[in-house]
Amino acid sequence: MALTKEQIAQRIARELQDGYYVNLGIGIPTLVANYIPKGIDVVLQSENGLLGMGPFPTEDKVDADLINAGKQTITTLPGTAFFDSAYSFGMIRSQRIDLTVLGAMEVSENGDIANWKIPGKLIKGMGGAMDLVASARNIIVTMMQTNPKGESKLLPTCSLPLTGKKCIQRVLTDIGFYNIQDGAFHLVEIAPGVTVDEIKAKTLGKLVISDKLKTIEV
Amino acid sequence: MNKVVANADEAVKDIPDNAVLMLGGFGLCGIPENSIAALIRKGVKGLTCISNNAGVDDFGIGLMLKTRQVKKMISSYVGENAEFERQLLSGELEVELIPQGTLATRCMMSGYGIPAFFTPAGVGTEIAEGKETREFDGKEYLMEHAFKSDYAIVKAWKGDTAGNLIYRGTARNFNPLMAMAGKITIAEVEELVAEGELDPNEIHTAGIFVNRIFKGEKYEKRIEQRTIRK
């Protein structure tokens with residue numbers, strides 16, 4: 001069975017370590033915040049200018065001056081800090097962020113990522129994605145293994161305009177967890193009930209099956 | 001030192017057609033909503049707007065798009081805005097998209113008097129086309145330039161008559177960066193106090209960068225994504 005979005009978020013949450021500063025992108029990555037393991041102290045960064053992001057507010061605590069990078073209303077926590085947007089990207093470029101999780105449309109076998117623009121469709125912009133992928137040292141990309149047409153999003157080369165070049169080392173999809181190294185996707189974990197044949201059928205880029213292949217615990 | 005002007009109309013009255021404006025805010029958070037309303041009343045045209053976002057259909061910069069006052073948007077994300085889409089597709093509106101960190105730093109460097117800088121954002125992408133690249137410690141970087149703008153229009157929480165500013169929460173975002181970068185900087189505030197009433201330790205933007213300050217008549221502070229915990 002392919003993983004649900006919640007199960008993908010749960011698997012990523014197991015990568016969190018005590019003391020991590022983490023930037024979570026929009027979509028599945030945001031869900032990771034719901035599964036931070038007990039006893040682990042993690043600080044969430046939001047690139048508009050906030051460190052120490054709290055949960056959504058209750059109705060009476062909604063504050064228009066307090067939003068995250070997805071423009072959602074949020075709350076502060078003990079220890080929260082506010083700063084301007086240049087300062088915020090200073091944290092990102094100088095690699096103070098321990099883990100960055102973001103979504104993608106395509107990833108290539110050499111670590112290129114495309115997640116901001118589809119030619120012929122209306123362009124919305126890259127926001128902070130190009131800054132994040134160019135600078136972050138520990139990135140996990142989360143996405144479905146295939147697009148709605150059933151085509152692989154793990155490719156030899158990206159067909160869409162790039163967000164960043166040779167910057168992705170790890171990809172978690174609904175069916176597999178891959179390390180990207182030496183120009184190939186190395187399957188290291190597989191979703192329960194999914195076969196290696198299915199992975200092969202849904203991976204267009206070069207694929208290597210790890211000899212230590214594990215099943216993702218759900 | 002007294003930089004107070006009567007109201008938003010007074011603050012923007014000399015902004016000419018075809019001016020390059022920086023407008024503070026992230027999404028609808030911390031936008032100079034009273035100045036935007038005054039620009040619409042004034043009817044100034046052909047504006048280039050440097051702002052992280054372009055508002056929504058009926059609020060923020062979206063209102064100036066509706067009245068066709070904007071020639072060009074320079075932003076990182078232009079989101080869900082039907083009128084924006086229509087003008088973009090019909091060629092009425094020009095758009096330059098810039099990575100958010102680069103946008104912020106181009107504002108900052110303008111205020112810091114540094115003409116250009118190197119960043120890794122966009123290396124190997126279409127953003128890099130035509131730009132000088134250079135290698136530092138084995139990694140490739142793009143040269144990006146500080147913005148040049150005629151006016152910066154920012155929104156702060158509190159300000160004093162000398163133009164010192166304090167921002168609140170994530171409404172800070174691009175505001176202090178742009179405040180330093182305008183040839184003329186206009187600040188609108190929720191609370192305007194006399195010189196000496198703000199704690200000098202808490203001032204984010206020093207008055208030297210602010211030319212005009214006024215108390216905004218009203219703040220709607222529209223919320224784009226109202227997310228609630230039960």
Side-chain angles (χ1 to χ4, degrees), chain A residues 30 46-50 53-76 80 82-93 112-114 116-117 122-136 161-167, chain B residues 26-30 52-54 75-80 84-85 88-89 95 97-109 119-127 139-142 157 167-177 204 219-230:
Chain A
T30 305
S46 190
E47 62 267 25
N48 51 322
L50 164 81
M53 177 166 60
F56 295 148
T58 50
E59 186 71 50
D60 58 321
K61 291 275 173 3
V62 169
D63 182 344
D65 290 337
L66 195 42
I67 64 167
N68 64 16
K71 283 124 189 169
Q72 297 170 312
T73 47
I74 46 150
T75 53
T76 56
T80 294
F82 297 118
F83 32 83
D84 68 60
S85 302
Y87 194 104
S88 187
F89 280 91
M91 289 174 192
I92 290 164
R93 281 193 221 97
D112 297 350
I113 174 170
W116 77 284
K117 183 178 180 182
L122 193 85
I123 307 156
K124 293 185 188 289
M126 67 293 280
M130 284 194 182
D131 307 273
L132 281 160
V133 299
S135 293
L162 294 185
T163 307
K165 231 176 150 55
K166 293 186 185 168
C167 48
Chain B
F26 177 87
L28 300 178
C29 181
N52 190 60
N53 311 90
S75 304
S76 85
Y77 190 82
V78 289
E80 341 275 323
F84 184 95
E85 276 187 42
L88 187 60
L89 293 171
V95 177
L97 292 166
I98 295 177
Q100 194 179 335
T102 300
L103 185 80
T105 309
R106 288 181 67 182
C107 293
M108 180 171 97
M109 287 309 177
T119 176
V123 168
T125 76
E126 63 182 52
I127 297 302
K139 183 167 169 165
E140 201 181 343
Y141 294 81
L142 278 188
W157 178 32
Y167 307 91
R168 182 171 178 276
T170 54
R172 192 183 314 185
N173 57 61
F174 288 81
N175 283 300
L177 307 167
H204 296 124
Y219 284 97
E220 180 183 336
K221 293 199 186 180
R222 179 121 26 124
I223 292 171
E224 216 166 329
Q225 305 279 345
R226 192 183 189 88
T227 41
I228 306 284
R229 169 171 40 129
K230 294 263 159 41

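So you know, we letter chains A, B, ... as the sequences are listed, proteins then strands, and number each from 1.
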Check each atom of A:Ile92 against the heavy atoms of chain B and say whether the ones under 4.5 Å are side chain, backbone, both or neither. neither
Heavy-atom pairs under 4.5 Å with chain B: which of A:Leu66, A:Val62, A:Thr76 has the most? A:Val62
Closest heavy-atom contact between B:Tyr167 and B:Pro176? OH-CA, 3.5 Å
Look at A:Ala134, A:Gly125, A:Gly127 and state which one has the largest set of heavy-atom pairs under 4.5 Å with chain B. A:Gly127
Against chain B, label A:Thr163 side chain, backbone, both or neither, depending on which of its atoms sit under 4.5 Å from a heavy atom there. backbone
Which atoms form the tightest heavy-atom contact between A:Phe82 and B:Arg172, and what is the distance? O-NH2, 3.4 Å
Nearest 0.5 Å, what's the OH-CZ distance between B:Tyr77 and B:Phe26? 10.0 Å
Between CG on residue B:Asn53 and SG on residue B:Cys29, distance to nearest 0.5 Å: 10.5 Å
Note: vs chain A, highest number of non-hydrogen pairs under 4.5 angstrom among B:Arg222, B:Met108, B:Glu126 is B:Glu126
For A:Phe89, which atoms come within 4.5 Å of any heavy atom of chain B: side chain, backbone, both, or neither? side chain
Heavy-atom distance under 4.5 Å to chain B: side chain of A:Asn68, backbone, both or neither? backbone
Between A:Ser85, A:Gly49, A:Ser46, A:Ser135, who has the most heavy-atom pairs with chain B when the cutoff is under 4.5 Å? A:Ser85
Chain B contacts, top residue of A:Asp65, A:Asn48, A:Thr58, A:Leu162 (heavy-atom pairs, under 4.5 Å): A:Asp65
Name the option with the most non-hydrogen atom pairs under 4.5 Å to chain B; the candidates are A:Leu132, A:Asp63, A:Leu50. A:Asp63
Distance check, rounded to the nearest 0.5 Å: B:Asn173 atom CG versus A:Tyr87 atom OH? 15.5 Å
Chain A heavy atoms under 4.5 Å from B:Leu88: which part of the residue, side chain, backbone, both or neither? side chain
Could you grab the distance from atom CE of A:Met53 to atom OG1 of B:Thr170, nearest 0.5 Å is fine? 11.0 Å
Go through the atoms of A:Ile67 and report whether side chain, backbone, both or neither lie under 4.5 Å from a heavy atom of chain B. both
Per-pair distances, 0.1 Å, donor-acceptor, side chain in residues 97-105 of chain B, under 3.5 Å, sequence neighbours excluded:
from	atom 1	to	atom 2	distance (Å)
B:Gln100	OE1	A:Gly128	N	3.3
B:Thr105	OG1	A:Arg93	NH2	2.8
B:Thr105	OG1	B:Gly101	O	2.7

Non-hydrogen atoms of chain A under 4.5 Å away: do they reach the side chain of B:Ile223, the backbone, both or neither? side chain
What option among B:Ala121, B:Ser76, B:Gly122 has the most heavy-atom pairs under 4.5 Å with chain A? B:Ser76
Rounded to the nearest 0.5 Å, what separates atom OG in B:Ser75 from atom CZ in B:Phe84? 6.0 Å
One option among A:Lys61, A:Lys71, A:Gln72, A:Glu47 has the most heavy-atom pairs under 4.5 Å with chain B, and it is A:Lys71
I'd like to check A:Phe56 versus B:Ile228 (side-chain heavy atoms, cut-off strictly below 4.5 Å). Are they in contact? no
Under a 4.0 Å threshold between the charged nitrogen and the carboxylate oxygen, would B:Glu140 count as salt-bridged to A:Lys165? no
